[in-house]
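All values below were derived from every heavy atom in this structure, side-chain atoms included, with hydrogens, water molecules and symmetry-related copies excluded. Remember, predicted model here, so these are calculated numbers, not experimental data.
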Amino acid sequence: MGFFTDVVALSRFQFAMTVIFHFLFVPLSIGLGLIVALAETRYYKTRDAHDLAAANLWVKIFTATFVVGVATGITMEFAFGTNWADYSRFVGDIFGAPLAAEALFAFFLESSFLGVLLFGRKKVSPKFYMVSSWLVWGGSALSALWIIIANSWMQTPAGAVVKDGRAVITDFFAAAINHSTGPRYVHTVVALLILGAFIAMAIAAWYLIKGRNERFAVNTIKTAAVVALVTTILMIPAAHWQAAEMANTQPSKTAAVEGQWEDGPTHLAFFGWVDEDSGKTFAPFAIPGMTSFLASGDFNKTYPGLNSFDAADRPTGLVNTVFQTYHLMVALFVVIAVVAVWAFVAARKNRLTQSKGLQRVLLFAWIAPFLAIQFGWMVAELGRQPWIVYPMADNPDVSLRTADAISKAVPAPQLLITIALFLVVYIVLFIGWLRVVLGFIKKGPIVDGATDNAGSTSPTELPSANVADVADVPAPDVATAEVM
Amino acid sequence: MSATPLQILWFILLGVLVTGYFVLDGFDLGIGVLYPFIGKTEVEKATLRTAIGPVWDGNEVWLLTGGGALFAAFAPAYATSFSGFYLAIMLVLFGLIARAAAIEFRALDPKWAKFWDVCFFVGSLLPALLFGVAVGNVVRGLPLDANGDYAGTFFGLLNPFSLLVGILGLAQFILQGSCFAALKAPKDSALYARVAAVRAAIKWVVFALVLAVTAYAHVLIEPVLAGGLVGILRIVFAVVVFGALIIGHGFVNNKRDLASFICSSLVSVGLVGLFATTIYPNLIPAAAGSTGPAITIASAGGSNLALTWMTIIACIGVPLVLFYHYLIYKSFNGRIQPEELDY
């Protein structure tokens with residue numbers, strides 16, 4: 001069956017495409033949300049015009065990004081019903097509750113206080129505004145929790161039995177806090193915070209390279225480098241926790257991740273190539289038994305190889321992709337760690353303005369966490385195929401194949417239409433977003449000397465305004481119009 | 001098989017969520033539809049966008065909560081309706097995406113202002129029209145197969161009755177939008193005069209369409225109507241709809257803007273109530289020629305344990321949501337003055 005008539009393949013393609021696009025903006029929102037809250041708190045404490053300008057810039061970049069995340073998130077919530085009707089029928093008793101809870105607890109919180117960030121600078125008290133920035137970020141982190149609960153239940157289902165062909169919940173806490181919820185939540189959120197810090201540093205580095213907005217740039221990197229270093233250190237136990245959990249609950253995924261064909265202790269390869277046709281993995285530099293050791297504390301612990309699974313029960317056709325995306329993710333983490341330490345040390349030694357090399361690296365370094373996040377999710381979602389609900393060893397009945405999960409009411413031509421429409425709409429959306437956000441960055445932080453309700457003061461009257469910042473301000477009246 | 005008390009409770013709560021959506025997002029969708037016609041100048045356009053700017057996103061979350069609750073409490077109904085209305089739902093979705101981006105980006109990107117204006121209008125029009133079309137199709141009943149899937153075609157959804165209900169929904173959204181815009185526009189402005197004129201006219205359109213839909217349904221659709229308490233409630237909701245329209249007429253004429261908005265909201269409440277009491281105890285009635293049974297509250301309802309937890313979640317979440325709404329609407333209370341339009 002060709003791709004264009006294969007409803008399963010088209011449904012998967014559409015979901016992958018829309019979720020990847022959504023997840024370009026979610027990490028930026030959650031990552032930058034923390035930067036916004038930190039900037040707002042700083043301004044709340046100092047009441048300094050430069051800190052206000054910095055906070056305003058982050059709020060603008062953040063809100064423009066956040067809204068795209070919101071808009072593309074509706075797609076995801078609808079997608080289960082529109083494209084995965086049989087999946088929805090199977091898991092509704094369990095999977096719907098976290099989605100409803102996400103909307104009730106997280107979306108309302110985020111969206112309400114996002115309105116304050118967008119329109120409230122002059123309408124609400126400074127404290128209310130500052131608290132709102134934390135609430136928006138907290139809401140986004142809470143949203144991530146609920147959706148990770150839902151996704152983790154698909155990876156490591158628990159607290160359910162199958163009755164009349166449908167999964168029925170038997171234990172709420174076992175279902176919500178299933179084997180992988182904790183590690184996958186921590187791993188994901190820490191990764192998003194790393195990205196947020198790297199994006200903030202990239203924007204600041206661009207100013208330094210251009211020789212403008214030095215004060216803003218240095219302050220930004222000083223804050224973001226701390227966030228980057230702390231989260232990078234936290235990532236090590238977080239990633240280890242998740243990998244060990246995966247090895248012990250999702251054997252076919254783990255075998256694909258390391259390209260292991262026969263049962264035995266699992267090696268740790270640095271790089272390699274999996275040839276599924278011949279059933280061989282080329283991995284010249286591998287530590288024997290190391291993955292077994294990391295997952296269980298025992299170098300000799302045996303894990304099943306791909307050959308232990310029927311070809312229909314393992315990610316056939318995707319093994320090398322899973323292997324590569326996993327190893328690239330780990331390799332990118334090494335890059336992240338090096339850059340985070342470098343930026344932190346340079347910030348400590350006040351060498352940010354001199355170190356041209358670091359500036360140039362920071363301008364592009366965000367690509368590493370950005371790709372690592374996408375690759376990580378590809379490991380998670382491709383590696384569990386052919387299952388949409390992965391069978392656990394102790395309760396294999398609660399499982400569903402991706403091919404059995406689709407909407408039978410949706411024919412291939414309708415999918416082709418919507419895939420084409422998604423492409424058009426999302427490309428336009430992306431360009432629209434890029435225009436706005438790049439516009440903000442080019443304009444930079446705008447200091448108009450006004451604190452909250454006071455009128456605009458000419459920037460040149462500001463004794464503390466440094467030369468670089470003043471040079472950026474086009475004209476007082478324009479500048480005032482820019483401040484939200 | 002009869003429905004459990006929890007399943008009936010969740011049918012009611014779902015009605016509450018849909019009502020919340022129709023009342024709240026109803027006014028910002030309505031303003032989006034009216035936007036190109038009543039916003040003549042840049043200041044007027046900015047006034048309309050600022051009126052809904054801080055609240056539209058929170059309003060839209062009622063739809064997401066409703067969708068999540070439908071999924072959680074009545075998964076088969078969520079699966080059948082969303083996959084059965086596939087292209088229509090996608091058009092709603094593209095509309096919601098376009099208008100979200102438009103509201104956010106319109107003021108920030110002058111070169112694309114015209115484009116975002118079109119997106120705001122079209123993106124509001126599509127959901128405002130298509131929600132009613134979906135309601136009409138559910139009232140008629142869908143042809144269902146044994147798996148519970150929709151067995152008809154896309155064009156089968158575009159039948160005269162459903163289109164009529166779609167136009168009723170659109171008119172009600174416009175009424176709701178004009179009532180809210182009247183609350184936010186400066187009282188002596190040209191914008192207010194235009195909004196007030198729309199509001200005065202559209203309420204009669206809603207009135208006529210409710211009569212037309214009711215007559216059409218009784219004569220040609222003949223839905224199986226539940227009696228007893230549900231039958232009494234249906235009459236109550238009908239009284240609410242017509243009563244709110246007639247009482248609202250007086251408030252509209254006297255330029256009592258808040259009272260007009262409340263009356264318009266009550267019309268939305270009544271219409272959703274009429275819809276719910278008409279389909280009860282079904283969620284999706286089966287049309288003639290179906291090979292599968294209707295999807296009912298009892299057949300689609302979740303297990304007691306799932307619904308118990310959902311109820312706990314709702315008991316914690318709903319008061320929080322109402323509190324957020326109170327804070328936000330209070331913070332942004334009052335008419336939009338031209339000098340505050342820095343957005």
Approximate separation, where rounding is to 0.5 Å, of B:L320 CG and A:F108 CZ: 11.0 Å
Hey, what do you get for OG1 (A:T75) to CD1 (B:I97), rounding to the nearest 0.5 Å? 3.5 Å
Can you check whether A:F422 and B:F94 have ring centres sitting under 6.0 Å from each other? yes
Quick one: of A:L99, A:V68, A:I74, A:V116, who has the most non-hydrogen atom pairs under 4.5 Å with chain B? A:I74
For chain B, the option from A:S407, A:G120, A:G73, A:S112 that forms the most heavy-atom pairs under 4.5 Å: A:S112
For a 4.5 angstrom cut-off between non-hydrogen side-chain atoms, does B:F85 reach A:T82? no
When the aromatic ring centroids of A:F173 and B:W309 are compared, is their separation below 6.0 Å? yes
Heavy-atom check, side chain of A:V70 versus side chain of B:E104, under 4.5 Å: no
Smallest heavy-atom separation, A:A100 atom then B:M310 atom, equals CB-CE, 3.9 Å
In this structure, CH2 of A:W433 is separated from CG of B:L108 (nearest 0.5 Å) by 13.5 Å
Could you report the tightest heavy-atom contact between A:L104 and B:A314, atom names first, then the distance? CD2-CA, 3.8 Å
Spell out, as yes or no, whether a donor-acceptor pair under 3.5 Å connects the side chain of A:Q414 to the backbone of B:Y86. no
Where do B:D149 and A:A85 come nearest, in terms of heavy atoms and distance? OD1-CB, 4.4 Å
Contact leader toward chain A among B:A72, B:A75, B:C119, where contacts are heavy-atom pairs under 4.5 Å: B:A72
Should A:R435 and B:D109 count as an ion pair when the cut-off is N to O under 4.0 Å? yes
Give me the atom names and distance for the closest heavy-atom approach of B:N333 to A:K123. O-NZ, 4.2 Å
Under 4.5 Å to a heavy atom of chain A? For B:W62 that would be both
Can you confirm whether B:M90 sits close enough to A:L421 that some side-chain heavy atom of one is under 4.5 Å from a side-chain heavy atom of the other? no
How long is the gap from CG on A:D93 to CZ on B:F74, to the nearest 0.5 Å? 11.5 Å
CZ of A:F128 to OG of B:S331, rounded to nearest 0.5 Å, is 4.0 Å
Any idea which of A:N83, A:V168, A:L429 has the most non-hydrogen atom pairs under 4.5 angstrom with chain B? A:N83
Highest number of heavy-atom pairs under 4.5 Å with chain A among B:G84, B:A100, B:P76 belongs to B:P76
Do you know which of A:A175, A:A103, A:A79 has the most heavy-atom pairs with chain B at a distance under 4.5 angstrom? A:A103
Do A:F107 and B:T65 touch side chain to side chain, with heavy atoms closer than 4.5 Å? no
Aromatic rings A:F95 and B:F71: how do their planes relate, parallel, tilted or perpendicular, breaks at 30° and 60°? tilted
What's the shortest heavy-atom distance between A:R89 and B:A79, and which atoms? CG-CB, 3.7 Å
Among A:Y87, A:F80, A:F172, which residue has the highest count of heavy-atom pairs closer than 4.5 Å to chain B? A:F172
Region of A:D171 in contact with chain B, defined by heavy-atom distances below 4.5 Å: backbone
Given B:W116, B:Y78, B:W56, the one with more heavy-atom pairs under 4.5 angstrom with chain A than any other is B:Y78
Less than 4.5 Å apart, side chain to side chain, heavy atoms only: is that true for A:E110 and B:V61? no
Close side-chain approach of A:F113 and B:L327, heavy atoms under 4.5 Å: yes
Is any side-chain heavy atom of A:V436 closer than 4.5 Å to one of B:W112? no
Name the region of A:S132, side chain, backbone, both or neither, that has any atom closer than 4.5 Å to a heavy atom of chain B. neither
Nearest 0.5 angstrom please: B:S303 OG to A:K163 NZ, how far? 7.5 Å
For chain B, which of A:G432, A:P98, A:P411, A:A101 has the most heavy-atom pairs under 4.5 Å? A:G432
Region of B:T80 that comes under 4.5 Å of a non-hydrogen atom in chain A: both
Which residue out of B:N147, B:L63, B:T308, B:I316 racks up the most heavy-atom pairs below 4.5 Å with chain A? B:N147
Could you tell me if the side chain of B:Y324 sits less than 4.5 Å from the side chain of A:L109, heavy atoms only? yes
Is it the backbone or the side chain of B:L64 that comes under 4.5 Å from a heavy atom of chain A, or both, or neither? both
